[in-house]
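I have placed the structure first, in the form of C-alpha cells, so that the comments after it can refer back to it.
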Amino acid sequence: MLRLYDTASERAHELVPSSGVLGLYVCGPTVYGPPHVGHGRLALVFDVLRRYLEHRGETVRHVSNVTDVDDKIIDRSRAEGRPWQAIAEEAEAAWWSAMSDLSVLRPHEVPHATSYVEGMVELVEDLLGRGAAYRAPDGVYLSVAAVDGYGLLAHQDLEALRAGERVHAEAGKRSPLDFALWKAAKAGEPSWPAPFGAGRPGWHTECVVMSLALLGEAFSLHGGGYDLRFPHHENERAQAVALGRPFARHWVHSGLVEVGGQKMSKSLGNYLTLADLVERADPRAYRLLVLRAKYRSPLEVTPELLGEAGRAVERLDELAGRLATARPAAADPDPGGPGERSATTAADALAARFQSAMDDDLDTAGAVAALFDGVREANRLLDAADPAGAVAVGGRALECFSAVGLATSDPFSQAPDEAVQALARRRDAARAARDWAAADAARAEIEALGWRVEDSPSGTRLRR
RNA sequence: GGCGGCGUGGCCGAGUGGUUUAGGCAAGGGCCUGCAAAGCCCUGUACCCGGGUUCGAUUCCCGGCGCCGCCUCCA
C-alpha cells in the first residue's frame with residue numbers, strides 16, 4: 001500500500017480510509033487571475049496521486065475548492081470597475097480550461113466558498129460560543145492561544161512564531177497571530193448577514209467547513225502547495241481543534257516551482273502562465289517534468305526544460321507507433337509458450353518496479369526511470385524481431401504512464417494531406433529506382449511542409 | 001531572529017554507508033541506413049568545503065560557505 005510523507009508527523013505512513021473511502025481535500029485556486037505553472041504543478045501532483053490510488057483499486061473522493069470571494073478578487077474588481085463575480089467567473093473558466101489542457105481530472109466535488117457561507121457563519125458562532133473566538137470592530141478573530149498545539153505544521157511553538165519579526169499586530173487583534181474568521185462588511189464589498197454582524201468569511205474558514213461537509217470528520221488527506229503549510233493549513237487545523245472535531249489524518253504539500261532557483265511568483269514577474277505553456281509546449285511535457293521530480297522538492301521549470309521533456313515524450317509516442325505496427329505480428333503462434341511466458345514475466349517485473357516506487361512516498365522519479373528502462377527494452381526487442389516480447393513489455397510501460405495521466409499515441413496514425421502523401425509515394429518510388437537525388441528532394445519537400453520522415457520496412461512513414 | 005530545506009557528472013533530477021548502471025535531455029564514438037530520421041550499443045574519473053565516526057561516506061555527525069522557502073497574501 002502507498003505510504004506518503006505527512007507534514008504534521010514528519011514521517012511517511014499509509015493513507016487511512018474513512019468508511020472505505022480515501023477522501024482527498026486539496027486547496028484549489030483563488031480565482032482572481034490567470035493560473036501559472038506553479039498552480040499547474042499542484043494540480044498535476046494531486047492528479048497523479050488520485051489517478052494512482054484509483055489505479056490501485058482504491059475508492060477515492062477528490063475534493064478541491066474554488067475560493068471565489070477574497071481580497072484579491074475585490075481589489076481587482078475595484079481596479080477594473082467590474083463586478084467581483086465577473087472576475088471570479090472569468091478566472092475560474094481559465095482555471096478549468098488550463099486543467100483540461102493538462103489532462104487533470106476534474107475533482108469529484110468542486111465546492112465554492114460563496115456556496116458555503118451559511119456553514120461558515122455557523123462555524124464562527126460555534127467558535128464564539130466556545131470562547132475560542134472573539135469579536136472586534138473589524139470582524140471576528142480566532143484566538144490562537146486557545147488552540148492546543150498551535151504551530152504543529154509550522155513545527156514551531158507559539159513563542160517561536162511570535163518572535164517572527166514579520167508578524168505585525170493589526171487593528172482588532174489581541175495577538176498578532178490571531179486570524180480573521182469573519183471580516184466585517186465594508187462599503188462596496190460583498191457581504192452576508194450574520195448574528196455577529198454582516199460581513200464576509202476569512203480565507204481559512206471555508207476549507208474547514210467544506211472539507212468536513214463533503215468528506216466528514218477524520219478524512220484521509222489534506223493537501224496544498226508547500227506555501228500553504230503556514231499559516232493557511234495551520235489555521236484550518238486550529239479551527240478544527242478549537243471545535244473539537246477530528247480533521248485531516250494526513251497533510252501533504254507539493255513543492256514549489258522555481259525559475260533560476262527562485263520561487264515562481266507574480267511579484268518577481270518570473271512566472272509562465274499555463275496558457276502560455278500550452279501554447280509553446282506539449283502539455284504532456286510538463287506532466288513528465290513534474291513526474292521526473294520528487295513531488296515535494298522544488299522544481300525548476302523553463303521553456304528549455306519543457307522542450308527537453310517534450311523530446312522524451314516524443315520517444316514514448318515513437319514507441320507507441322512501433323508497437324501499433326508490431327501488434328499484428330505479435331500474435332503468438334504458441335500462446336502460453338515459453339516466449340509468451342517470459343515476455344509476460346518481464347512486463348510484470350516492470351509493473352512491479354513501477355508500483356513499488358510509487359508506493360514509496362510517490363517516488364514518481366523512480367517509477368518513471370523504471371518505465372524508461374521498459375521503453376528501451378521494448379525498442380531493443382523490436383530491433384531483435386521479437387514483436388510479442390516488445391508488445392508485452394512496451395505495452396505495459398505505456399499503460400503505466402497512462403495510469404499516472406501521461407497518454408501516448410501512435411504519431412504515424414495521423415494521415416497527412418494528399419499532397420504530402422503523394423510526395424511520400426514519390427520518394428518511395430525514387431528510392432526503389434535508387435534515384436537518391438530525387439528521393440532526397442522529395443524528403444526535403446515533405447519536411448518543408450512540417451512533417452518528419454522516417455524509414456520503415458514498409459516504406460516512408462510520416463509524423464509531425 | 002525562529003523553523004524547514006537544498007548544494008549530485010554539460011543541463012534537469014532521483015538515490016544509496018561498499019558489490020551493476022537511477023532516469024531524461026544534450027555531447028562524443030559505434031551498429032543499422034544509399035544518406036538522413038528512428039532505434040540500439042558504448043563513453044565521459046558526479047556527488048560544495050573542512051573536520052569526525054567507520055575497515056570504508058556522496059550517503060551518518062560537527063563546523064563552514066553558498067542558495068532557497070515559510071514566519072504577511074501566495075499553489
Side-chain angles (χ1 to χ4, degrees), chain A residues 7 10 26-30 32 35-46 70-72 75 151 153-157 159-168 170 176-177 179 203 223-232 234 253-258 261-267 288-289 291-294 296-302 304-315 318-319 321-322 357 360 363-373 375-384 411 431 434-437 439-440 443-444 447 452-456 460-461 463:
Chain A
T7 306
E10 299 183 280
V26 180
C27 281
T30 298
Y32 70 98
H36 61 61
V37 169
H39 302 104
R41 185 184 187 194
L42 168 88
L44 285 168
V45 163
F46 287 99
D70 167 270
D71 292 354
K72 288 186 174 163
D75 288 350
L153 293 172
H155 301 298
Q156 295 195 75
D157 61 23
E159 277 313 304
L161 287 165
R162 275 202 186 112
E165 283 175 357
R166 301 163 73 196
V167 180
H168 302 296
E170 278 171 33
L177 290 174
F179 59 91
W203 179 41
Y226 193 78
D227 50 359
L228 294 192
R229 203 170 50 113
F230 190 94
H232 184 53
E234 189 77 51
H253 295 100
S254 62
L256 302 178
V257 169
E258 297 186 343
Q262 291 208 303
K263 175 181 172 179
M264 180 175 284
S265 72
K266 297 223 161 168
S267 49
L288 182 60
L289 211 52
L291 286 169
R292 286 193 331 198
K294 184 82 191 174
R296 53 195 168 87
S297 298
L299 175 65
E300 194 75 18
V301 179
T302 62
E304 292 69 31
L305 287 164
L306 286 163
E308 182 207 283
R311 286 185 285 281
V313 169
E314 280 180 11
R315 198 152 97 82
E318 182 76 28
L319 176 62
R322 295 189 81 188
D360 178 14
D363 176 14
T364 53
V368 162
L371 298 185
F372 271 105
D373 281 345
V375 168
R376 194 185 325 108
E377 177 62 15
N379 276 315
R380 194 185 287 140
L381 291 168
L382 284 165
D383 287 351
R431 293 188 69 218
R434 309 184 70 79
D435 181 354
W436 310 129
D440 291 350
R443 180 168 63 201
E447 287 171 348
R452 284 182 356 207
V453 173
E454 288 182 20
D455 279 342
S456 78
T460 296
R461 297 205 302 176
R463 67 177 289 187

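Reminder, nothing fancy here: chain letters follow the sequence lines and each chain counts from 1.
If you check C3(B), C71(B), A38(B) against the side chain of P231(A), the one that comes closest is C71(B). Comparing C3(B), C68(B), C40(B) against the side chain of Q156(A) picks out C3(B) as the nearest. When distances run from any side-chain atom of E300(A) to the nucleotides A75(B), C12(B), C70(B), the shortest one goes to C12(B). With A36(B), C12(B), A75(B) as the choices, the nucleotide that has an atom nearest any side-chain atom of R292(A) turns out to be C12(B). Here the nucleotide nearest the side chain of A365(A), chosen from G39(B), A14(B), C68(B), is A14(B). Set against C41(B), C71(B), G13(B), the side chain of L299(A) has G13(B) as its closest nucleotide. In the set C25(B), A14(B), C70(B), the nucleotide with an atom closest to the side chain of R315(A) is C25(B). Comparing A22(B), G24(B), C73(B) by their nearest atom to the side chain of A312(A) picks out G24(B). Proximity note for W436(A) (side chain, C-beta onward) versus G69(B), A75(B), G34(B): the nearest is G34(B). Distances were taken from every side-chain heavy atom of F372(A) (C-beta onward) to each of C12(B), G24(B), G69(B); the shortest belongs to G24(B).
Judged by atom type and distance alone, D227(A) does not reach the base of C71(B) through any side-chain donor-acceptor pair under 3.5 Å. No N or O donor and acceptor, one from the side chain of R322(A) and one from the base of A38(B), sit under 3.5 Å apart.
Side-chain nitrogen and oxygen atoms of S297(A) include at least one within less than 4.0 Å of the OP1 or OP2 phosphate oxygen of A14(B).
U19(B) and C47(B) have their P atoms separated by 15 Å, with the value rounded to a whole Å.
Heavy atoms of D373(A) sit under 4.0 angstrom from primed sugar atoms or phosphate atoms, though from no base atom. At the heavy-atom level, G307(A) lies nowhere under 4.0 Å from the strands shown. Across all strands, E258(A) comes closer than 4.0 Å only to sugar-phosphate atoms, never to a base (heavy-atom distances). Within the 4.0 angstrom heavy-atom criterion, only backbone atoms of the sugar-phosphate kind lie near G224(A); the bases stay farther away. Looking at heavy-atom distances under 4.0 Å, E454(A) makes contact with a base. Residue D363(A) is in sugar-phosphate contact alone, with no base atom involved, counting any heavy-atom pair closer than 4.0 Å across all strands shown. Across all strands shown, R461(A) has no heavy atoms under 4.0 Å from either base or sugar-phosphate atoms. Counting non-hydrogen atoms under 4.0 angstrom, S456(A) reaches nothing in the nucleic acid.
For E304(A) and G10(B), the CD to P distance is 19 Å, given to the nearest whole Å. Rounded to an integer number of Å, the gap from K294(A) NZ to G4(B) P is 20 Å. Rounded to whole Å, the distance from CG on L305(A) to C1' on G24(B) is 11 Å. Nucleotide A37(B) holds its C1' atom 14 Å from the CG atom of D383(A), rounded to whole Å. For L161(A) and G1(B), the CG to C1' distance is 13 Å, given to the nearest whole Å. Between the CE atom of M264(A) and the P atom of C68(B) there is a distance of 16 Å, rounded to whole Å. Remark: P of C41(B) and CG of L381(A) are 11 Å apart, rounded to the nearest angstrom. As a whole-Å value, the separation of H232(A) NE2 from A75(B) P is 10 Å.
Here the closest heavy-atom approach between residue C27(A) and residue L42(A) is recorded as O-CD2, 3.6 Å. Summarising the geometry of H253(A) relative to R296(A), their closest heavy-atom pair is O-CB, 3.5 Å, with the distance given to 0.1 Å.
A 3.5 Å limit on both hydrogen-bonding distances identifies G66(B) as the Watson-Crick or G-U partner of C6(B). Base pairing analysis places A14(B) opposite nothing; no Watson-Crick or G-U wobble pair with both distances below 3.5 Å involves it. When both pairing distances are held under 3.5 Å, C35(B) makes no Watson-Crick or G-U pair with any nucleotide shown. Summarising the base pairing, C60(B) is matched to G52(B) through a Watson-Crick or G-U wobble pair whose two defining distances lie under 3.5 Å. Nucleotide U45(B) is matched to nothing when pairs are restricted to Watson-Crick or G-U wobble geometry with both distances under 3.5 angstrom.
Ion pairing between a basic and an acidic side chain is recognised when a charged N comes within 4.0 Å of a carboxylate O; R292(A) and E308(A) show such pairing. Salt bridge present: R380(A) and E377(A) bring a charged side-chain N and a carboxylate O closer than 4.0 Å.
One finds the CG atom of L153(A) at 7.5 Å from the CZ atom of R229(A) (value rounded to the nearest 0.5 Å).
T7(A) is listed as a side-chain neighbour of H155(A), based on a closest heavy-atom distance under 4.5 Å.
A donor-acceptor contact shorter than 3.5 Å links the side chain of T364(A) to the backbone of A293(A).
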Trace of the side-chain contact (heavy atoms from CB on, under 4.5 Å) decision for R443(A) with D440(A):
CA-CA 5 Å; R443(A) 180 168 63 201; D440(A) 291 350; 3.4 Å; yes
